[in-house]
Amino acid sequence: NSLIADGCIIEGQVEKSIIFRGVNIGKGAKVSNSIIMQDSVIQVGCELDHVVLDKEVIVRESSRLIGDFSHPMIIAKGEVV
């Protein structure tokens, strides 16, 4: 139940999410109920749920970003989390 654009490298798990072009999701990472905009990098072992990442965001290894259905976590363009 996801929409994934061309040019993505998905080595982890994606569920109920929208993934834009050029996104890299590392091994063991889990992305669910989220929107990941272009050229973002989610490194190894991360967990994202109810998150909106703007362009060129880097989520560092083993990070855990959890939002809520009514209040998703929003990360601005170019941030390193």
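Position 1 is the first residue of the sequence; numbering continues from there.
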Self-check item: Euclidean distance, Phe20 CZ relative to Asp6 CG, rounded to 0.5 Å
Solution: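 With rounding to 0.5 Å, CG (Asp6) is 13.5 Å from CZ (Phe20).
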Quiz item: So how far is it from Ile25 CD1 to Lys30 NZ, rounded to the nearest 0.5 Å?
Solution: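 It comes to 13.0 Å.
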Practice problem: Taking Ser2 for its side chain and Lys16 for its backbone only, find out whether a donor-acceptor pair lies under 3.5 Å. | Solution: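 Yes: the side chain of Ser2 pairs with the backbone of Lys16.
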Which atom pairs, one a donor and one an acceptor, fall under 3.5 Å between side chains of residues 8-15 and the rest of the protein, sequence neighbours left out?
residue	atom	partner	partner atom	Å
Gln13	NE2	Glu15	OE2	2.6

Under 3.5 Å, side-chain donor or acceptor atoms of residues 63-81 against the rest of the protein: list the pairs with distances, not counting sequence neighbours.
residue	atom	partner	partner atom	Å
Ser63	OG	Arg60	O	2.7
Arg64	NE	Glu47	OE1	3.2
Asp68	OD2	Ser70	N	3.2
Asp68	OD2	Ser70	OG	2.9

Run the side-chain donor-acceptor check on residues 48-57: report pairs under 3.5 Å with partners two or more places apart or on a different chain.
residue	atom	partner	partner atom	Å
Asp49	OD1	Ser32	OG	3.2
Asp49	OD1	Asn33	ND2	3.0

Self-check item: ILVMFWY network linking Ile4 to Val59, side-chain heavy atoms under 4.5 angstrom
Solution: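 Per the 4.5 Å side-chain linkage, Ile4 and Val59 are co-clustered.
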Quiz item: What are the two closest heavy atoms between Ser62 and Cys46, and how far apart are they?
Solution: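 Looking at all heavy atoms of both residues, the shortest contact is N-SG, 3.8 Å.
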